[in-house]
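Positions are given from 1, in the same order as the sequence printed here. Please read all numbers here as calculations on a predicted model, not as lab measurements.
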Amino acid sequence: MNITETIRRVRRGIKEPHLVTRELNKHYYKRKEPSPDAVEFFDEDWDNLIILDACRYDTFKKCNTLPGELQSRQTKSSSTPDFLATYFDGADLRDTVYVTANPQLYRKRDRIDVQLHDVINIWQDEGWDDEFRTVRPETVVDVAKDAAEQYPDKRLVVHFIQPHYPFIGPTGKEHLDLDSLDFWNRVMAGEVDVPVSVLYQAYEENVEMVLPHVEELLSTLQGKSVVTADHGEAFGERARPIPMAEYGHPNGIYIPQLTTVPWLVHQNGARRSITEGDEGEHMEEDVSVDVEQRLQDLGYA
C-alpha cells in the first residue's frame with residue numbers, strides 16, 4: 001500500500017470510526033478456522049447452481065415457495081468478492097458457464113485466476129435496467145434459458161442480483177432513493193434515515209420478487225438444480241469481539257447472518273451429461289460500459 005492510499009484510509013477512519021472497529025474485528029475472524037462443514041460449491045453434485053446475491057437463509061426459508069428440499073449450508077465468504085476469491089480463484093471450471101448479473105468477476109479479473117468455459121455478463125447495456133439501476137430477475141431468466149440451449153453439456157451457474165440492494169419492491173421505492181453509492185456504509189454512518197425494520201422489509205420484498213423467476217428457471221433447466229447464495233445480509237447483528245452492529249455484507253466479517261445460506265435442491269427431468277470444454281476468452285473482453293459505475297449503482301463503494 002502506497003503512502004497516498006494509507007493517508008486516504010486514515011482520513012476515512014477518522015471520519016467514519018466504525019470502519020476502524022470493523023478492521024479490528026476482521027483480525028479476529030481471520031484467525032478463526034472456517035467451519036469444517038462449510039460448503040465447497042464446485043465440488044457439490046449439481047447441473048445448475050442458482051445464486052441469489054446476499055440471500056440470508058432465515059429470510060429465504062420464511063419466503064420460500066420453490067419446489068425442492070431445503071437445507072442450510074455454511075459458506076466461507078461474507079461478500080461477493082470474498083466468494084469469488086474463495087471459490088473461483090484457482091479453480092478449473094472449463095465444464096461450467098457463468099451467467100452473472102454481478103460485475104464483480106469482471107472487476108476482479110486481474111486477481112481471480114479461474115478457468116471457465118464461458119462468462120455471460122448480463123449487466124452490460126442490454127441487460128441493465130436504467131430506472132432501478134440493477135439487472136431485473138426476469139432478464140436473468142431470459143439470458144439463462146438462452147445459455148442452457150447454447151451449452152447443453154455444461155454446468156450452469158446463474159447469478160441473480162436480488163435480493164441484493166437496490167430494493168426494487170414497493171417499500172424500497174417509497175422509502176429509499178437511488179443515490180446508492182456505498183449504501184450500507186451510509187446506513188452505518190447514520191446518513192440513511194430509515195428504520196432497520198423498513199430496510200429489512202424492503203430486503204424481504206426483493207426475496208419475494210425474485211422467487212417466481214427462480215421457479216420459472218427451475219421448471220425450464222434440465223437436471224439437478226441447487227438454489228443458494230454467495231453470502232447473506234446483516235441488519236444490525238453484532239460482530240465479535242468488539243460488539244459493533246453490522247449492516248450489509250462487509251468482507252471478512254463471518255457472523256452467522258452472513259455465512260448461513262440456503263441450499264435448495266430440485267430435479268427436473270434426467271441429469272445432463274456434462275463435458276469439459278476449452279477455456280473461453282471472456283475474462284479478457286472489453287465491455288462497453290463503466291464497470292465502476294455499475295457497481296456504485298448496486299451499492300458498492
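Val265 pairs by the side-chain contact (heavy atoms from CB on, under 4.5 Å) definition with Lys224, Val226, Trp263, not counting sequence neighbours. With sequence neighbours left out, Tyr151 forms a ring pair (Phe, Tyr, Trp, His ring centres under 6.0 Å) with His117. Partners of Thr139 by side chain to side chain donor-acceptor pair (under 3.5 Å), not counting sequence neighbours: none found. For Arg94, the salt bridge (charged side-chain N to carboxylate O under 4.0 Å, His left out) partners are Asp92, Glu276, not counting sequence neighbours. Scanning for salt bridge (charged side-chain N to carboxylate O under 4.0 Å, His left out) contacts around Asp47 gives Arg271, with sequence neighbours left out. Annotation: salt bridge (charged side-chain N to carboxylate O under 4.0 Å, His left out) contacts of Glu126 (sequence neighbours excluded): none. For Phe83, the ring pair (Phe, Tyr, Trp, His ring centres under 6.0 Å) partners two or more places apart in sequence, or in a different chain, are Phe41, Tyr87, Phe88.
Of the residues listed (Leu70, Val214, Leu52), the one engaging Leu264 in a side-chain contact (heavy atoms from CB on, under 4.5 Å) is Leu70, and it is the only one.
Residues Ala229 and Thr75 approach most closely at O-CG2, 4.2 Å, considering heavy atoms. Residues Thr228 and Val261 come closest through the heavy atom pair OG1-CG2, 3.7 Å. The two residues His175 and Val194 come nearest to each other via the heavy atoms O-CG2, 3.7 Å. Across all their heavy atoms, Pro152 and Arg272 have their closest contact at O-NE, 3.1 Å. Taking every heavy atom of both residues into account, Glu205 and Gly172 meet most closely at OE1-N, 4.2 Å. In terms of heavy-atom proximity, Pro166 sits nearest to Thr134 at CG-CB, 3.9 Å.
A donor-acceptor pair is defined here as one N or O able to donate and one able to accept, closer than 3.5 Å; such a pair exists between the side chain of Asp290 and the backbone of Glu292. With hydrogens and angles ignored, the 3.5 Å screen pairs a side-chain donor or acceptor of Asn268 with a backbone N or O of Leu221.
Listed by first then second residue, pairs satisfying salt bridge (Lys or Arg N to Asp or Glu O under 4.0 Å) with a partner in residues 135-144 read Arg136-Glu138, not counting sequence neighbours. For residues 210-220, the side-chain hydrogen bond (donor to acceptor under 3.5 Å, both in side chains) pairs, not counting sequence neighbours, are Lys145-Glu216. Residue pairs meeting the salt bridge (Lys or Arg N to Asp or Glu O under 4.0 Å) criterion with at least one partner in residues 253-265, sequence neighbours excluded, do not occur; the list is empty.
Note: the hydrophobic cluster containing Val187 does not contain Leu258 (ILVMFWY, side chain heavy atoms under 4.5 Å, direct or indirect links). In this structure, Leu84 is not a member of the same hydrophobic cluster as Ile253, with clusters built from ILVMFWY side-chain heavy atoms closer than 4.5 Å. Following chains of ILVMFWY side-chain contacts shorter than 4.5 Å, one can reach Leu176 starting from Tyr300, so the two form part of one hydrophobic cluster. Hydrophobic clustering of Ile, Leu, Val, Met, Phe, Trp and Tyr side chains at less than 4.5 Å, counting indirect connections, unites Val210 with Tyr165. In the hydrophobic cluster analysis, where Ile, Leu, Val, Met, Phe, Trp and Tyr join through side-chain heavy atoms closer than 4.5 angstrom, Ile255 is grouped apart from Tyr57.
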Tell me which donor-acceptor pairs under 3.5 Å the side chains of residues 154-163 have, and how far apart each pair is, sequence neighbours excluded?
residue : atom : partner : partner atom : Å
Lys154  : NZ   : Thr275  : O            : 3.3
Arg155  : NH1  : Glu44   : O            : 3.4
Arg155  : NH2  : Phe42   : O            : 3.2
His159  : ND1  : Tyr98   : OH           : 2.7
His159  : NE2  : Asp53   : OD2          : 2.8
Gln162  : NE2  : Val135  : O            : 3.1

Donor-acceptor pairs are to be reported for all side-chain atoms of residues 233-252 against protein atoms at under 3.5 Å, with residues two or more places apart or in another chain.
residue : atom : partner : partner atom : Å
Glu233  : OE1  : His249  : ND1          : 2.4
Glu237  : OE1  : Phe235  : N            : 2.6
Glu237  : OE2  : Arg56   : NH1          : 3.0
Glu237  : OE2  : Arg56   : NH2          : 3.4
Arg238  : NH1  : Pro243  : O            : 2.8
Glu246  : OE1  : Arg22   : NE           : 3.3
Glu246  : OE1  : Arg22   : NH2          : 2.6
Glu246  : OE2  : Arg22   : NE           : 3.1
His249  : NE2  : His164  : NE2          : 3.3
Asn251  : OD1  : Ser79   : OG           : 2.1

Could you go step by step and tell me if Gln201 and Thr171 meet the side chain to side chain donor-acceptor pair (under 3.5 Å) rule? CA-CA 7 Å; Gln201 183 177 346; Thr171 300; 3.2 Å; yes

As a quick check of understanding, evaluate side-chain contact (heavy atoms from CB on, under 4.5 Å) for Gln124 and Arg294, giving each step before the final call. CA-CA 9 Å; Gln124 295 193 66; Arg294 286 284 191 263; 5.8 Å; no

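Of the inter-residue distances, the one linking Asp146 atom CG with Ile120 atom CD1 reads 8.0 Å to the nearest 0.5 angstrom. Rounding to the nearest 0.5 Å gives a distance of 8.5 Å between CD1 of Ile274 and CH2 of Trp46.
No side-chain donor-acceptor contact under 3.5 Å links Asp82 and Ser77. Using modelled atom types, one finds a donor on one side chain and an acceptor on the other under 3.5 Å when comparing Gln74 with Thr259.
Ring planes of Tyr200 and Tyr203: tilted class, angle from 30 to 60°.
Remark: Arg186 is not positioned above the aromatic ring of Phe183, lacking an NZ or CZ atom under 6.0 angstrom from the ring centre and at most 45 degrees off the axis.
Residues Glu191 and Asn185 form no side-chain contact, since every pair of their non-hydrogen atoms from C-beta on lies 4.5 Å or further apart.
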